[in-house]
A.B. asks: 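To start, I am sharing the structure in question, which I have written as structure tokens.
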Amino acid sequence: MRTHLLLLLLLFIAVSNVNAQTPLTTTWKISGKIVDAATSRPVEYASVVLLQQSDSSMVSGMYTTPAGMFSFDRVTPGIYVLRITFMGYDKLEKAVRVIAGKNTLAGTLRLQTAGKVLNAVEIKAEKPGFSMQIDRQVFDAGSMINAEGGTGTDILKNIPSVDVDIDDNITLRGKSVTIYVDGKPSPFGDAKTALQMIPAESIERVEVINNPSAKFEAQGGGGIINIVLKKDKAIGYNVMFNAGAATLGQVNGSANASLRLRRFNFFGNYQGRYESLGGSGFSNRQNLIPDSGQTSYFSQTSSNNNSNGNHGGRFGFDYFLDDHNTFTIAQGVNRNNNDNDDHIFLHYQNAARETIRDGNRYNTSHGSSVNNNTSLNYKHTFKKPNEELTAYISYSGNRSNSNSDYRTRYRKLAAPSDSTWQQNTGDNRNRFWNLQSDYTTPLGRKSKLEAGVKSTFRHIGNDYTAMLFRADLQQFEKSPQLSNKYDYEEDIHAGYINYAGAIGNLGYQVGVRAEQSFLKGYSFSRDTTVDNRFFNLFPSVFLKYNMPKNQHQSLVFNYSTRIDRPNFDQLLPYVNNADPQNIRTGNPELQPALSHKFEVSYSVYYPKTNNYFSTSTYYAQTNDNIDRISTLDTITGVTTTRPMNLATQQNMGGNISYSIHLFKWWKANANLNLEYNKLTSIAVSNENFSYGINANTQFRLPARFSIELSGHYRSPRIQPQGTFRAMNGMDLGLRKELLKNKALVIALNVSDLLNTQQFSSHYETPVFIQDYDRKRPTRFVRINIRYRFGKMDPNLFKKKKHGEEEGEEEEKPKERGRL
């Protein structure tokens, strides 16, 4: 904590010095007025953004006054673009030229009400489904009809290059990924938990950052996925209710509300979800070296039923102290309960395929957890345009408890049956502090400096007790081999600096991030210690070239370095024997894996048709790659799977994306990814060529109907000891908008329309060959109803003076706060 405070002090000193040393230049003013095109009434709190015409970079931004006025001071001579947006209106852009020696009057700009009717087919103003920025791909979540009524996980299933496995683990181009929410690390635990607690309807967009700059934390070899939530800040109130149900026992509901008064913006949401799902699995293993029981072939089939319920919410407010200072306070809480029943049938055969013995395994478990998160955010904008300082602090706490019961009964031919009985209890506590501060300032007309510091402190306590039944004593005894009490601490301190500028049509950004990591763990049960320290530098380079003859074309190059630090679950020296023939363990000796990533991309936007095309090629090399490897005990016939620093992994590939508007009521998107993967080490060597296809098409029909059809296919992909087999699926969605302003929306979607989703893998080693298949209900029908109401009116909470008429007088242009 002292280290962080010292870094903050140094940062504030640097801010003062940079601000004091910035040279003054001769500047001029741009001013104007925003009104409703139909009524000529002023539009208060419309967003006005001033952009450079050359590269569309933002110079400054503000909200209009109650009289609809705006004014930008200290603007250097040149050509700019004014971009005006406000809820319920079409976006308006106007080019302006600032000439030395005189102020510029943009005049009265009129906003048109959004929405037109053409040939009985409604065409409404909508955000592009996909766009490309210098360091990220942006996907509009509101256009994903198939995700209606789902969670953040369902949104990510529609994103190209993102894979979601049967356990809802997220990977990006086959690598681990870090999940952000509104630009900050997810407030509730791991990525999977965070995504399952976010209703799809509350997500505005998804930003995929394959190669993050030095500004972002370096954890996650695949990159960062930033989930941006909806949040209205216009004067007025907005309320949305959402409810849905699906076959196979799924129900969900949520409520979101915001209320903006003059200096306060209150927001909150509450959601609940319950589901009960079954599943099945099958594995078939051939032991190339028979075990002591002469087992050469082993197979097992499983069936399970899992019920899960969670509910919780997040509440807070923004306080606009003045035009330059904003505070945000938020509090979140969530509770989760789950019950699971598994039945596993075990079958053992000798080399002649004759049955040696079989068994039945019954597992039951129950778990509950409570999550809470408190955060405080501060933002200060300076008088100098685009100069700002932010500070952020958050605390997250998690407490979970579990209990389980494992019973197995074996039957041998011509021999008495035997059985095992195990009871387990678990207690887990997690505390996580995150402190961060960032400073941004422009340097001259086209340059920008960013700097920041960050510290995270995580503590996890795990106490797991396994009790084995002694038939001879008719009582349970604690198992020292299976029980474990473990404490883990992870402290990471970081600082970064980025410098961005432009030379003609070439924009660039270079930066470096330094991270010092402390990972400490101690197992009380085994008297073993983990004590690792890592210091790493992570440079990044971004180049963007806008074609001189067509500013809608750009060529981007970027390079960054990433790290995969072993997490608590991987380091924990546990033994998971829920499946008695396939045991999982942790590895306290894991070391971090470092990745070097390069990417070159070209994109072009066609403004007349709204079509978009992009292509890219990339290369990544990960040293000491962390992956799981399975070994067979040739005596007991039991496989043990544990994470290890296995090999050097190389990924190289290409990506092509195209978005086309065939008609104003019909659009389609397609993405093709080609990739060559190679794993190399003394113990492991594997390589293959793979590809993936994502396609989506949407129809906007008469009577406010919309239809979406999407599909995906991913060819087999390598793993250290084999391959993950091909996956494919298709989803269908239908949306109907009702009432005035489309306040009521009913959506019906069918997931996995052809019931083809299957999760399969193939392992092949010198001592065993195994095929593994898992299936859960992926085809279901879901209906979702969303109702929204509110009023965005700048005069809603303002008392009129006696005799005052609207629009009677205009205020002089005055800045009301920057974006």
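Keep in mind the model is a prediction, meaning the values are calculated, not measured. The figures that follow rest on heavy atoms only: side chains count, while hydrogens, waters and symmetry mates do not.
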A.B. asks: Just by distance, do the side chain of Asn576 and the backbone of Ala578 share a donor-acceptor pair under 3.5 Å?
C.D. replies: yes
A.B. asks: Check whether the side chains of Thr756 and Asn728 place a donor and an acceptor atom closer than 3.5 Å, and report yes or no.
C.D. replies: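 Their side chains do contain a donor-acceptor pair, which is all the 3.5 Å distance test asks for.
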A.B. asks: Do Tyr772 and Phe282 make the cut of ring centroids closer than 6.0 angstrom?
C.D. replies: no
A.B. asks: Do Asp339 and Asn306 come close enough that some side-chain heavy atom pair is under 4.5 Å?
C.D. replies: no
A.B. asks: Out of the candidates Asn430, Asp427, Asn428, only one should pair with Arg399 under the side chain to side chain donor-acceptor pair (under 3.5 Å) rule; please name it.
C.D. replies: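 By the side chain to side chain donor-acceptor pair (under 3.5 Å) criterion, Arg399 pairs with just one of Asn430, Asp427, Asn428: Asp427.
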A.B. asks: So, does Ser715 use its side chain to make a donor-acceptor pair with the main chain of Tyr691 at under 3.5 Å?
C.D. replies: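 Yes: the side chain of Ser715 pairs with the backbone of Tyr691.
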A.B. asks: Check whether the side chains of His366 and Asn338 place a donor and an acceptor atom closer than 3.5 Å, and report yes or no.
C.D. replies: no
A.B. asks: Counting N and O atoms only, with roles assigned by atom type, does the side chain of Ser760 sit under 3.5 Å from a partner on the main chain of Arg725, one being a donor and the other an acceptor?
C.D. replies: no
A.B. asks: Can you tell me how far apart OG (Ser296) and CG (Asn350) are? Round to the nearest 0.5 Å.
C.D. replies: 6.5 Å
A.B. asks: Checking Arg533 against Phe518: charged group under 6.0 Å from the ring centre and within 45 degrees of the axis?
C.D. replies: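 Cation-pi check for Arg533 and Phe518: fails.
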A.B. asks: Distance alone, cut at 3.5 Å: any donor-acceptor contact between the side chains of Asn310 and Gln271?
C.D. replies: yes
A.B. asks: Do Tyr522 and Asp527 touch side chain to side chain, with heavy atoms closer than 4.5 Å?
C.D. replies: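 Of all side-chain heavy-atom pairs linking Asp527 with Tyr522, at least one is under 4.5 Å.
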A.B. asks: Hey, is Arg361 close enough to Asp342 for a salt bridge, meaning N to O under 4.0 Å?
C.D. replies: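 No, Arg361 and Asp342 are not salt-bridged.
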A.B. asks: Assess, by modelled atom type and distance only, whether the side chains of Asn424 and Tyr464 contain a donor and an acceptor separated by less than 3.5 Å.
C.D. replies: yes
A.B. asks: Could Arg774 and Phe759 be counted as a cation-pi pair, given that NZ or CZ must be under 6.0 Å from the ring centre and within 45° of the axis?
C.D. replies: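 No, Arg774 and Phe759 do not form such a contact.
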A.B. asks: With rounding to the nearest 0.5 angstrom, report the CD1 to CG distance, Ile159 to Leu156.
C.D. replies: 6.5 Å
A.B. asks: Would you sort out whether Asn784 and Arg782 count as a side-chain hydrogen bond (donor to acceptor under 3.5 Å, both in side chains), showing the intermediate values?
C.D. replies: CA-CA 7 Å; Asn784 194 74; Arg782 179 168 56 206; over 6 Å; no
A.B. asks: Just checking, is any N or O donor in the side chain of His762 or Asp771 under 3.5 Å from an acceptor N or O on the other one?
C.D. replies: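 Yes.
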A.B. asks: Apply side-chain contact (heavy atoms from CB on, under 4.5 Å) to His347 and Thr295, showing your working.
C.D. replies: CA-CA 10 Å; His347 190 59; Thr295 302; over 6 Å; no
A.B. asks: Mark yes or no for whether Asn686, through its side chain, and Gly722, through its backbone, hold a donor-acceptor pair below 3.5 Å.
C.D. replies: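 Flag set: sc Asn686 to bb Gly722 pair under 3.5 Å.
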A.B. asks: Around atom CD of Glu589, are there more than 12 heavy atoms from other residues, nucleotides or ligands closer than 6.0 Å?
C.D. replies: no
A.B. asks: Do Asp291 and Thr634 have a side chain donor and acceptor closer than 3.5 Å?
C.D. replies: no
A.B. asks: Quick one: CG on Asp358 to OH on Tyr348, what's the gap to the nearest 0.5 Å?
C.D. replies: 9.0 Å
A.B. asks: Taking atom CG of Asn582 and atom CG of Leu632, what is their separation to the nearest 0.5 Å?
C.D. replies: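 These two atoms lie 9.5 Å from each other.
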A.B. asks: Would the distance check show the side chain of Thr178 and the main-chain N or O of Ile225 forming a donor-acceptor pair, the cut-off being under 3.5 Å?
C.D. replies: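 Absent.
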A.B. asks: With a sphere of 6.0 Å drawn around CD1 of Ile682, does it hold more than 12 non-hydrogen atoms of other residues, nucleotides or ligands?
C.D. replies: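 For Ile682, atom CD1 is not crowded (no more than 12 foreign heavy atoms under 6.0 Å).
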A.B. asks: Could you tell me if Ser523 and Asn484 have a donor-acceptor pair between their side chains, going purely by distance under 3.5 Å?
C.D. replies: yes
A.B. asks: Assess the residue pair Gln570 and Ile626 against the criterion (side-chain contact (heavy atoms from CB on, under 4.5 Å)); give the C-alpha distance rounded to whole Å, side-chain angles, the decisive distance to 0.1 Å, and a yes or no.
C.D. replies: CA-CA 10 Å; Gln570 293 172 321; Ile626 299 175; 3.7 Å; yes
A.B. asks: Hey, is Asp418 close enough to Arg411 for a salt bridge, meaning N to O under 4.0 Å?
C.D. replies: no
A.B. asks: Is the side chain of Ser479 donor-acceptor paired with the backbone N or O of Leu482 at a distance under 3.5 Å, no angle test?
C.D. replies: yes
A.B. asks: Does some side-chain heavy atom of Gln719 sit less than 4.5 Å from a side-chain heavy atom of Ser761?
C.D. replies: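 In contact.
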A.B. asks: Side chains of Asn645 and Gln591: is there a donor and an acceptor less than 3.5 Å apart?
C.D. replies: no
A.B. asks: Tell me whether Arg458 forms a cation-pi arrangement with Phe432, defined as NZ or CZ under 6.0 Å from the six-membered ring centre and within 45 degrees of its axis.
C.D. replies: yes
A.B. asks: Could you measure the distance from the OG1 atom of Thr641 to the CD atom of Gln721? Nearest 0.5 Å is fine.
C.D. replies: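 The distance works out to 8.0 Å.
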A.B. asks: Would you say Val684 and Ile629 make side-chain contact, with heavy atoms under 4.5 Å?
C.D. replies: yes
A.B. asks: Given 3.5 Å as the limit, does a donor-acceptor pair link the side chain of Arg714 with the main chain of Ser690, or not?
C.D. replies: no
A.B. asks: Side-chain donor-acceptor pair under 3.5 Å between Glu275 and Asn252, yes or no?
C.D. replies: no
A.B. asks: Strictly distance-based, threshold 3.5 Å: is any side-chain N or O of Asp752 a donor or acceptor partner for the main-chain N or O of Gln757?
C.D. replies: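 It does hold such a pair.
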A.B. asks: Is there a donor in the side chain of Ser400 and an acceptor in the side chain of Ser369, or the other way round, less than 3.5 Å apart?
C.D. replies: no
A.B. asks: Are Phe476 and Phe469 near enough that their ring centres are under 6.0 Å apart?
C.D. replies: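 Here the rings of Phe469 and Phe476 have centres that are less than 6.0 Å from each other.
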A.B. asks: Just do the side-chain contact (heavy atoms from CB on, under 4.5 Å) check on Arg628 and Met644 with the steps written out, would you?
C.D. replies: CA-CA 6 Å; Arg628 292 187 174 273; Met644 296 181 66; over 6 Å; no
A.B. asks: Using atom types as modelled and distance alone, determine if a side-chain donor or acceptor of Ser525 lies under 3.5 Å from a backbone N or O of Lys485.
C.D. replies: yes
A.B. asks: To the nearest 0.5 angstrom, please state how far the OG1 atom of Thr247 sits from the CZ atom of Arg779.
C.D. replies: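 Going from the OG1 atom of Thr247 to the CZ atom of Arg779 covers 9.5 Å.
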A.B. asks: List the atom of Ser299, the atom of Asn284, and the distance in Å for their closest heavy-atom pair.
C.D. replies: CB-OD1, 4.0 Å
A.B. asks: With the threshold set at 4.0 Å, does a side-chain nitrogen-carboxylate oxygen contact exist between Asp405 and Arg407?
C.D. replies: yes
A.B. asks: If only side-chain N and O atoms count, and only distance matters, is there a donor-acceptor pair under 3.5 Å linking Asn577 with Gln422?
C.D. replies: yes
A.B. asks: Regarding Lys520 and Glu489, does a basic nitrogen lie under 4.0 Å from an acidic carboxylate oxygen?
C.D. replies: no
A.B. asks: For the pair Arg642 (side chain) and Ile583 (backbone), establish whether a donor and an acceptor sit closer than 3.5 Å, ignoring hydrogens and angles.
C.D. replies: no
A.B. asks: How about Tyr486 and Phe568: do any of their side-chain heavy atoms sit closer than 4.5 Å?
C.D. replies: yes
A.B. asks: Quick check: do Val164 and Thr153 have side-chain heavy atoms less than 4.5 Å from each other?
C.D. replies: yes
A.B. asks: Do Gln250 and Tyr274 make a side-chain contact, defined as non-hydrogen atoms from C-beta onward lying under 4.5 Å apart?
C.D. replies: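 A side-chain contact is absent here, since even the closest heavy-atom pair is not under 4.5 Å.
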A.B. asks: Can you confirm whether the side chains of Asn373 and Ser396 place a donor and an acceptor under 3.5 Å from each other?
C.D. replies: yes
A.B. asks: Run the side-chain contact (heavy atoms from CB on, under 4.5 Å) check on Arg562 and Asp564 step by step: do they pass?
C.D. replies: CA-CA 7 Å; Arg562 307 289 295 167; Asp564 278 312; over 6 Å; no
A.B. asks: Can Gln219 and Arg565 be counted as having a side-chain donor-acceptor contact under 3.5 angstrom?
C.D. replies: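 Side-chain D/A pair, Gln219 to Arg565: present.
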A.B. asks: Would you kindly check if the NZ (Lys) or CZ (Arg) of Arg353 is within the cone defined by 45 degrees around the ring axis of Tyr297 and under 6.0 Å from the six-membered ring centre?
C.D. replies: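 So Arg353 does make the cation-pi contact.
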A.B. asks: May I ask you to check whether Asn146 and Glu148 show a side-chain donor-acceptor distance below 3.5 Å?
C.D. replies: no
A.B. asks: Any donor-acceptor pair under 3.5 Å linking the side-chain atoms of Ser307 with those of Ser276?
C.D. replies: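 Side-chain D/A pair, Ser276 to Ser307: absent.
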A.B. asks: Does the side chain of Leu346 come within less than 4.5 Å of Pro580's, by heavy atoms?
C.D. replies: yes
